[in-house]
Amino acid sequence: MATIKPFKCIRPAKEYAKKTAALPYDVYNRKEACEAVKGNPYSFLNIDRAETQFDDSVDTYDDKVYAKAKELLDKMRNDGVYLKDADENYYIYELTMDGRSQTGLVACASIDDYKNNVIKKHENTRADKEADRIRHVDTCNAQTGPIFLAYRKNETVSLVIEKVKKTVPAYDFVSDDKIGHRVWVIDNLEDKKTIYHEFCRIDDIYIADGHHRAASAVKVGFKRREEKGNYTGDEEFNFFLSVLFPDEELMIMPYNRVVKDLNGRSKEAFLEEIRNRFDVEKKDAQVSPEKKGTFGMYLDNTWYLLTAKKELLSNDPVKGLDVSILQDYLLDPVLGIKDPKTDKRIDFVGGIRGLNELEKRCSEDMEIAFSMYATSIAELFAVADAGLLMPPKSTWFEPKLRSGIFIHELDK
């Protein structure tokens with residue numbers, strides 16, 4: 001059973017909602033973050049990436065950066081930009097991109113459910129990336145970036161959400177990147193009881209995106225337990241901020257690949273070699289794969305459709321992924337990309353950037369590109385259910401959850 005509970009949310013006053021909402025902290029490098037906060041002192045990125053308040057002589061991970069984050073958050077609360085709800089509520093968060101909407105439930109998940117694998121993972125995390133958010137959460141005494149969770153649709157929960165969505169939203173705005181954001185508050189006691197008890201019947205919750213944020217929030221929770229000693233389990237630090245989406249609401253985009261060279265081969269020798277494992281068909285237009293086991297390839301200003309031969313396909317949750325097939329039978333043995341996490345000859349391009357970006361990269365710093373068929377949410381669930389890990393850069397979720405709309409305070 002999963003513990004998914006309501007909480008007293010710190011959230012922006014209505015007139016500040018659009019100004020404060022910011023893309024996740026980790027989509028920017030430092031220079032980009034500094035540019036993004038220019039002219040908007042209310043953007044939550046000022047708090048999420050407080051190094052933007054200093055010149056380059058101050059290290060991103062300096063103690064004063066985290067102290068500045070807390071100072072800015074406290075100031076925005078004192079100035080009335082952020083207010084804390086008096087009651088524990090659930091919230092509904094709807095995002096709309098290109099006419100398509102997905103609706104999630106904003107709530108707090110249990111650090112024990114994370115530890116006991118009720119909340120399942122499909123990626124490893126890196127200690128260095130965790131360390132930054134651990135310090136940010138601990139210093140600010142708050143979780144500021146929600147974890148993107150998924151679950152198999154529950155009809156009763158969906159009915160409550162649909163009912164509340166017929167009322168007037170608390171927020172309704174379109175961000176600068178043309179994504180629509182609407183938020184509702186679920187404050188009816190019976191609705192809250194229904195949602196809580198329905199999730200108690202759900203055995204499996206999945207991290208879709210935000211593995212490092214989740215790991216960091218959980219580690220702060222266990223750190224607080226140790227510091228407190230005599231804890232009850234009901235303290236807010238035992239829970240972490242999440243937005244939970246039913247599986248059928250989610251859209252996963254492909255995560256495409258670009259490679260710097262042909263590993264010493266001529267174009268003709270390369271094409272001849274990959275024909276041992278893939279059917280290769282020259283195309284007159286860009287190739288966006290339409291089914292599993294197929295790949296677009298852009299080489300020397302020409303698009304090709306690659307179809308994996310039957311013997312390459314697998315029912316194994318990981319080996320059967322398209323990203324694994326490409327890695328195991330082309331990138332590694334032909335192009336020499338042994339470890340895509342560390343090899344500097346390969347780069348990854350989120351599907352949101354489109355196929356033109358692949359052509360552009362091949363005209364600038366890369367020689368060959370591969371367009372992928374998107375990993376499905378069912379495949380993600382299957383990998384996590386098997387206790388396995390997905391290859392790097394297997395999924396690209398859009399639209400991105402905004403930070404700064406919902407904040408979960410760890411101690412009163």
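- Aromatic ring centres of F44 and F406 lie farther apart than the 6.0 Å criterion allows.
- The salt bridge (Lys or Arg N to Asp or Glu O under 4.0 Å) with E409 is formed by just one residue from the set R77, K8, K70; it is R77.
- Without hydrogens or angle criteria, N46 side chain to N40 main chain gives a donor-acceptor distance under 3.5 Å.
- Of the charged side-chain nitrogens involved, at least one lies within less than 4.0 Å of a carboxylate oxygen, so that D48 and R133 count as a salt-bridged pair.
- Salt-bridge annotation for D328 and K319: absent, with no side-chain N of the basic residue lying under 4.0 Å from a carboxylate O of the acidic one.
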Could you walk me through whether D138 and R224 satisfy the salt bridge (Lys or Arg N to Asp or Glu O under 4.0 Å) test, starting with their C-alpha distance in whole Å, then the side-chain angles of each, then the deciding distance to 0.1 Å, before giving a yes or no? CA-CA 9 Å; D138 209 19; R224 295 283 179 100; 3.0 Å; yes
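- In this structure the side chain of I202 never reaches within 4.5 angstrom of the side chain of M1, judged on heavy atoms.
- Under the side-chain contact (heavy atoms from CB on, under 4.5 Å) criterion, D284 pairs with no residue, sequence neighbours left out.
- In this structure, the side chains of L262 and L335 come closer than 4.5 Å at one or more pairs of heavy atoms.
- With respect to the salt-bridge test (charged N to carboxylate O, under 4.0 angstrom), the residues D339 and K341 qualify.
- D322 contributes a side-chain N or O that, together with a main-chain N or O of G293, makes up a donor-acceptor pair within less than 3.5 Å.
- Relative ring orientation between Y66 and H136 is described as perpendicular, the plane-to-plane angle rising above 60° on a 0-90° scale split at 30° and 60°.
- Distance check: Y91 OH to I186 CD1 gives 10.0 Å after rounding to the nearest 0.5 Å.
- Taking 4.5 Å as the limit, some side-chain heavy atom of W184 sits within range of a side-chain heavy atom of K165.
- K120 contributes atom NZ, which lies 12.0 Å from atom CG of D113 (distance to the nearest 0.5 angstrom).
- In this model, no donor atom of one side chain and acceptor atom of the other lie less than 3.5 Å apart for Y329 and D332.
- Proximity of a side-chain donor or acceptor of K18 to a complementary backbone N or O of V174 within less than 3.5 Å is detected.
- What you find for P392 and R257 is that their closest heavy atoms are O-NH2, 3.2 Å.
- Checked options N263, L330, T342, D343; the residue passing with I337 is D343 (criterion: side-chain contact (heavy atoms from CB on, under 4.5 Å)).
- Counting heavy-atom neighbours within 6.0 Å of R275 CZ, excluding the residue itself, gives a total above 12.
- Ring centroid separation for the pair F239 and F7 does not come in under the 6.0 Å cut-off.
- When all heavy atoms of P333 and E273 are compared, the pair lying nearest together is O-OE2, 4.4 Å.
- Remark: K19 fails to qualify as a cation-pi partner of F173 under the 6.0 Å distance and 45° angle criteria applied to the six-membered ring.
- Side-chain contact between Y373 and E290: absent, with no pair of heavy atoms (C-beta onward) separated by less than 4.5 Å.
- Under the 3.5 Å distance criterion, the side-chain polar atoms of T125 are left unmatched by any main-chain donor or acceptor of E123.
- For the atom pair CG (D247) and OH (Y151), the distance works out to 9.0 Å, reported to the nearest 0.5 Å.
- The backbone N or O of V318 lies less than 3.5 Å from a partner atom in the side chain of S324, making a donor-acceptor pair.
- Salt bridge E51/R30: absent, no basic N to carboxylate O contact under 4.0 Å.
- Under the 3.5 Å distance criterion, the side-chain polar atoms of E32 are matched with a main-chain donor or acceptor of N29.
- Ring geometry, Y42 versus Y16: the interplanar angle falls from 30° to 60°, so the pair is classed tilted.
- D300 places no side-chain N or O within donor-acceptor distance of the main-chain N or O of T302, the cut-off being under 3.5 Å.
- Checked against the 6.0 Å centroid criterion, the rings of F381 and Y206 qualify as a close aromatic pair.
- A donor-acceptor contact shorter than 3.5 Å links the side chain of K121 to the backbone of Y114.
- The pair K64-E71 does not count as a salt bridge, with every side-chain nitrogen at least 4.0 angstrom from each carboxylate oxygen.
- Judged by distance alone, the side chain of K192 and the main-chain N or O of E88 form a donor-acceptor pair under 3.5 Å.
- To the nearest 0.5 Å, atoms NZ (K223) and CZ (R225) are separated by 14.5 Å.
- For the pair N256 (side chain) and M372 (backbone), a donor-acceptor distance under 3.5 Å is present.
- Using a 4.0 Å cut-off between charged side-chain N and carboxylate O, R126 and D26 make no salt bridge.
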